[in-house]
Amino acid sequence: MRGLVAVLVAADSTRSTKAQVAGSLLDVWCLGVKNALAPEPMSETRLAGHRGLYFSAYEGHVQVPADLARALVFGAAAYARGFGFEPEEELAEEFTEAAALLGEPADPSPIGFGRDGKPFFVNGPYDDPEAVLRTLRRAVGDDGFHFEVAFPEQPSRRRRLFGPRW
């Protein structure tokens, strides 16, 4: 998955034996937050099954310290914001709730975003390539980014990338 990183956060709950679980799908090359799952309580058994489904598009997953996850999630969002990309309304709300499990952002992120020092846009099936390219041209000029159009025809509706809520 070129430039896409899935982050799943499980935090102990003070009010329950179940963990609070949230997730973010990040485009670390350009757009920042692509999708988010607001926190919801899960038992250890349910979390194990959810983790398998959540990372099924990848060749596994790596458990990382909270500081690294925090730098990745908030850093990718800030990188994209610098070019004028913000999550849409409903997505922004879910992302805010999901990111709250990570605590306060680490500024600045020690992680380098983009590809080869520039934003690199590879559209997904629900992106509007023309709008993204216009935004990038306004932000960094014609030579300030790279792009590849992977899905030339776009569906008319955006769908949840993670499927239905559990």
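Residues: numbered from 1 along the sequence shown. This structure is a prediction, so every number in the text was calculated from the model and none was measured. What you see below is based on every heavy atom in this structure, not just the backbone, and it leaves out hydrogens, waters and symmetry mates.
For the pair F120/C30, no side-chain contact is recorded, criterion being any heavy-atom separation below 4.5 Å from C-beta on. Residues L91 and V33 meet the side-chain proximity criterion, which asks for heavy atoms closer than 4.5 Å. In this structure the side chain of R137 never reaches within 4.5 angstrom of the side chain of D143, judged on heavy atoms. Annotation: side chain of F95 is in contact with side chain of V73 (closest heavy-atom distance under 4.5 Å). Looking at heavy atoms from C-beta onward, L68 lies in side-chain contact with I111 at the 4.5 angstrom threshold.
Summarising the geometry, atom OH belonging to Y79 is positioned 13.5 Å from atom CG belonging to L72; distances are rounded to the nearest 0.5 Å. L47 contributes atom CG, which lies 6.5 Å from atom CG of L8 (distance to the nearest 0.5 angstrom). Residue D127 holds its CG atom at 9.5 Å from CZ of F85, rounded to the nearest 0.5 Å. Note that NE2 of H146 is 8.0 Å distant from CZ of R115, once rounded to the nearest 0.5 Å. We find the CH2-CG distance between W29 and D116 to be 9.0 Å, quoted to the nearest 0.5 Å. For the atom pair F74 CZ and R81 CZ, the distance stands at 9.5 Å (nearest 0.5 Å).
Taking a cutoff of 4.0 Å between a charged side-chain nitrogen and a carboxylate oxygen, K34 and D27 do not qualify as a salt bridge.
A donor-acceptor distance shorter than 3.5 angstrom exists from the side chain of D128 to the backbone of E130, with no hydrogens or angles considered. Although no hydrogens or angles enter the test, the distance criterion places a donor-acceptor pair under 3.5 Å between the side chain of R46 and the main chain of P41. S24 places no side-chain N or O within donor-acceptor distance of the main-chain N or O of V7, the cut-off being under 3.5 Å. Counting only distance, with no hydrogens or angles, the side chain of R70 and the backbone of L102 share a donor-acceptor pair below 3.5 Å.
A71 approaches S109 most closely through the heavy-atom pair O-OG, 3.1 Å. Listed here is the closest heavy atom pair of A98 and G23: CB-O, 3.9 Å. In terms of heavy atoms, L136 sits closest to P119 at CD2-CB, 4.0 Å.
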Where do F83 and L31 land on the side-chain contact (heavy atoms from CB on, under 4.5 Å) test, with the steps shown first? CA-CA 9 Å; F83 304 114; L31 297 178; over 6 Å; no

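Note on ring orientation: taking the six-membered ring where Trp is involved, the planes of Y58 and F55 are perpendicular (angle over 60°, cut-offs 30° and 60°). In this structure, F145 and F147 have tilted ring planes: the angle between them lies in the 30° to 60° band.
Shown here is E148, whose CD atom has more than 12 heavy atoms of other residues, nucleotides or ligands within 6.0 Å. Atom CD of E86 has more than 12 neighbouring heavy atoms from other residues, nucleotides or ligands inside a 6.0 Å radius.
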